[in-house]
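Reviewing the structure listed below.
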Amino acid sequence: MQVYAKPKSIKENSSFTFCSGCDHGLALKLVASVIDELDIQQDTIAVASSGCSVFLYNFLEVDCIESPHGRACAVATGVKRAHKARNNDKIVFTYQGDGDFASIGLGESIHSALRGENITAICINNTNYGMTGGQLGPTTAMGQITTTSPTGRNREYHGFPIKTAEHIALCEGTAFSARVALYDIKNIYNAKNMIKKAFEYQKKGLGFSFVEILSSCPTNWKLSPSDSHKKIKEELTKVYPLKVFKDVLNG
Amino acid sequence: MSEKELLKGNIAIAASALNSGCECYFGYPITPQTEIGEYLSYEMQKRNLAYVCAESEIAAINMALGAASTGAKVMTSSSSCAVSLMQEAISYACCDELPIVIVNVMRAGPGQGYIYPSQGDYNQSTKGGGNGDYQVIVLSPSSVQECVDLTSRAFYLAQKYRNPVILLADGMLGQMAEPAIIDCNKYEEIDNSSWRLDGAKNRPAREIHSLEPSQLKLNQHILNLKKKYDLIENSEVDYEEYMTDDADIIITAFGTMGRCAKEVVNHYRMQGVKMGLFRPITLYPFPLIRLRELSYRVKTFIDIEMNLGQMLKDVQLAILSNASVAFVGKPVGDWLKKEEMIEAIDNIIKEQYAGIR
Ligand SMILES: Cc1ncc(C[n+]2csc(CCOP(=O)(O)OP(=O)(O)O)c2C)c(N)n1
Ligand code: SF4
Ligand SMILES: [Mg+2]
């Protein structure tokens, strides 16, 4: 069993309030350790979104504003631009669910990427609206059962899911877009490297950087944490390949 | 600067915003206010300030929300049906206590309506178009000079009370040119170092949020906001009175209608009728107490609006005496003409005083 040291950017005396075995906690820890490693804790402003991650500010020791559902990239744009107008370059990132980023907020997300907004967006893709109890969302896979697709997602009723990282990669203002997962140690290390790269690209001023994290939602999937990871590895990665889709510094 | 120039209302608002220290503007085009964004696109880029052609009004107001959290002076502008799209974030901004100046150059509604000038957004602005218990400060200019002055005041009040402020103009004022002076900004700077988000350097991290699962805390926060609104109601009320000191009849009207009504007062004064005008400049806080004082010695109030009688409800609420309240208005079309108003008022006077004569 791997033991992680608590990153400095995680609040002292805080403990995650996510369901046990939920990947949100691990993803946040990775973000926090990247903030530590890049030594940007004092210069970073986080934008929380509506969803299971809304209490970001209870866990991270960085300045944080909560955004209305879906508007995180617009709020982050405002934070970033306002500091820039005062010649302060702050690191600004959003931490959003798949519903937040790719459904209700798709317009704000895509347009931030198109503008090449120099921010980082982390999107937790758990293939459902977790916070509201696991309804069909923009990333729910074909055939997947949710509380609003009781017989499974099908083309006739629901149409198709969105491949977010691929779409973001198509935007000219995007500097970096990748999809990662957290189902084993190797992938966790890779996820951390990708998150770090995304923040580094922002530091370098290269444009919009995006990491989609295929994550488990054991509660709404009604699976154990380990079976949830198995589902990601064996089923979801076939629909949502783990890949770097755009990297302006490496072809 | 400091010299009278011929200015269109929209340009006056934009130029005054810059003069008041506006650092960030986010907007999406809609007639009849588009010149504000056009003017600022050039002027702000020149000064390396933040300007984004947002993809929608929803994005624009949320960019404003983020920018305001840094303590910057922030403005967005729009018109009626598009201001409707901003209501969710305005409710957040009130809860988060973020200073944003929102200019609404009203057009006719409901829905898309049309670009005719109208005053149909009084209720939305003063009563809140979004969810929950909140109040936005609402300022109502009636001349191009007031567009300049109240834009400055809007930035000041937003910072002072950490609250959104709506400058509620209308299409007539936005498009009309008049001589006006853009003077140096007379308001003091407000220190926001205790709450702005600028990175947790040598201090604990800060958070700005509206979600609050603790019933106790949520309740307390809303009660604290109420205290702030009470303070605003006690300190920031503003209005204009014109020949009200001996008036038997008082016209109540706001914005452009207020200025048109002055002509009507002049007409009746010439005929020996003791008429006056009461024009609220702050629509929230509404000058309820002063109106109530006046009502004890005035026989008749005539409320004139370019809508179906929205401020009328506030006027009625203010009046506790036996004074009667009549309404003259129409929602859309040509702006109410002086002759139309006089005809309507003649009839009201005839009815009201029929018994006395
Ligand atoms: C405008 C608006 N619509 C709906 C909601 C209710 N709501 C809160 S979170 C959420 C879905 C969150 O799903 P996702 O973004 O995927 O995050 P997750 O909880 O799965 O991490 C919804 C629908 C809301 N808060 N605001
Ligand atoms: S509902 Fe799902 S996403 Fe939300 S905390 Fe629980 S497991 Fe995690
Ligand atoms: Mg989700």
Side-chain angles (χ1 to χ4, degrees), chain A residues 9 11-12 17 40-51 54-92 94 104-112 114-115 117 119 131, chain B residues 21-26 44-45 47-74 76 86-93 95-96 98 100 130-131 195-213:
Chain A
S9 299
K11 272 199 163 73
E12 270 182 57
T17 44
I40 52 174
Q41 179 256 337
Q42 300 191 334
D43 290 310
T44 297
I45 292 145
V47 179
S49 58
S50 248
V54 65
F55 294 119
L56 197 66
Y57 45 81
N58 285 343
F59 315 132
L60 289 188
E61 184 59 26
V62 299
D63 279 5
C64 181
I65 177 170
E66 162 211 270
S67 144
H69 192 22
R71 317 303 167 204
C73 284
V75 172
T77 296
V79 173
K80 185 83 181 187
R81 297 278 188 124
H83 278 300
K84 199 166 163 237
R86 291 184 169 179
N87 283 322
N88 296 326
D89 198 21
K90 300 289 176 192
I91 300 295
V92 180
T94 69
I104 189 168
L106 186 63
E108 284 76 8
S109 305
I110 289 268
H111 280 281
S112 299
L114 287 168
R115 284 193 304 269
E117 210 61 63
I119 57 175
M131 194 191 208
Chain B
C22 178
E23 298 164 281
C24 307
Y25 175 90
F26 311 97
M44 293 187 82
Q45 200 178 342
R47 295 167 171 78
N48 281 322
L49 296 170
Y51 182 98
V52 182
C53 303
E55 62 272 24
S56 70
E57 290 82 1
I58 298 179
I61 187 73
N62 281 288
M63 288 171 190
L65 197 76
S69 76
T70 72
K73 293 202 179 107
V74 182
T76 180
M86 298 184 173
Q87 296 300 328
E88 181 198 33
I90 292 175
S91 166
Y92 272 72
C95 192
D96 292 350
L98 290 176
I100 304 174
N131 60 303
W195 61 266
R196 66 179 178 226
L197 303 186
D198 52 2
K201 203 167 264 170
N202 307 319
R203 60 160 174 79
R206 291 172 180 159
E207 72 237 17
I208 293 180
H209 62 97
S210 67
L211 191 82
E212 184 47 77

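A, B, ... follow the sequence lines: proteins, then strands. Residue 1 opens every chain.
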| message | So, taking the atom named CG in B/Asn48 and the one named CZ in A/Arg86, what distance separates them when rounded to the nearest 0.5 Å? | response | 14.5 Å
| For the atom pair OG (A/Ser112) and CD (B/Glu55), what is the distance rounded to the nearest 0.5 Å? | 6.0 Å
Validation row: [X], [Y] side chains within 4.5 angstrom (heavy atoms):
{"X": "A/Pro68", "Y": "B/Leu65", "result": "yes"}
{"X": "B/Cys53", "Y": "A/Arg115", "result": "no"}
{"X": "A/Phe55", "Y": "B/Leu211", "result": "yes"}

Specify which of [options] makes the most heavy-atom pairs with chain A at under 4.5 Å.
{"options": "B/Ser210, B/Ala89, B/Ala64", "value": "B/Ser210"}
{"options": "B/Ala72, B/Ala60, B/Ala68", "value": "B/Ala72"}
{"options": "B/Asn202, B/Leu197, B/Ile61", "value": "B/Leu197"}

Can you say whether [X] sits under 4.5 Å from chain A via the side chain, the backbone, both, or neither, judging by heavy atoms?
{"X": "B/Leu98", "answer": "side chain"}
{"X": "B/Pro204", "answer": "both"}
{"X": "B/Ala59", "answer": "both"}
{"X": "B/Glu23", "answer": "both"}
{"X": "B/Ser56", "answer": "side chain"}

Do you know which of [options] has the most heavy-atom pairs under 4.5 Å to chain B?
{"options": "A/Gln41, A/Arg71, A/Lys11", "value": "A/Arg71"}
{"options": "A/Ala46, A/Ala74, A/Ala72", "value": "A/Ala74"}
{"options": "A/Lys84, A/Glu108, A/Lys80, A/Lys90", "value": "A/Glu108"}

| request: Give the intermediate values and the outcome of side-chain contact (heavy atoms from CB on, under 4.5 Å) for residues A/Asn88 and B/Asp198. | output: CA-CA 9 Å; A/Asn88 296 326; B/Asp198 52 2; 5.9 Å; no
| So with a 6.0 Å cut-off around CD of B/Glu212, is the heavy-atom count from everything else above 12? | yes
| Can you say whether A/Ile45 sits under 4.5 Å from chain B via the side chain, the backbone, both, or neither, judging by heavy atoms? |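 Side chain only.
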| said: Using heavy-atom distances under 4.5 Å, tell me whether A/Val54 contacts chain B through its side chain, its backbone, both, or neither. | reply: side chain
To check you understand the geometry: which heavy-atom pair defines the closest contact between [X] and [Y], and what is its length?
{"X": "A/Val79", "Y": "B/Ser69", "answer": "CG2-OG, 3.8 Å"}
{"X": "A/Ala82", "Y": "B/Ala50", "answer": "N-CB, 4.5 Å"}
{"X": "A/Glu66", "Y": "B/Tyr92", "answer": "OE2-CE2, 3.5 Å"}
{"X": "B/Lys201", "Y": "A/Asp43", "answer": "NZ-OD1, 3.3 Å"}

| request: For B/His209 and A/Leu56, run side-chain contact (heavy atoms from CB on, under 4.5 Å): C-alpha distance rounded to whole Å, both residues' side-chain angles, the deciding distance at 0.1 Å, then the answer. | output: CA-CA 10 Å; B/His209 62 97; A/Leu56 197 66; over 6 Å; no
| message | I'd like to know if the side chain of A/Asp63 and the backbone of B/Gly199 have a donor-acceptor N/O pair within less than 3.5 Å. | response |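 Answer holds: yes.
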| query | Just by modelled atom types, is the A/Cys64 backbone N or O under 3.5 Å from a matching donor or acceptor in the B/Glu207 side chain? | reply |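 Between the backbone of A/Cys64 and the side chain of B/Glu207 there is no qualifying donor-acceptor contact (under 3.5 Å).
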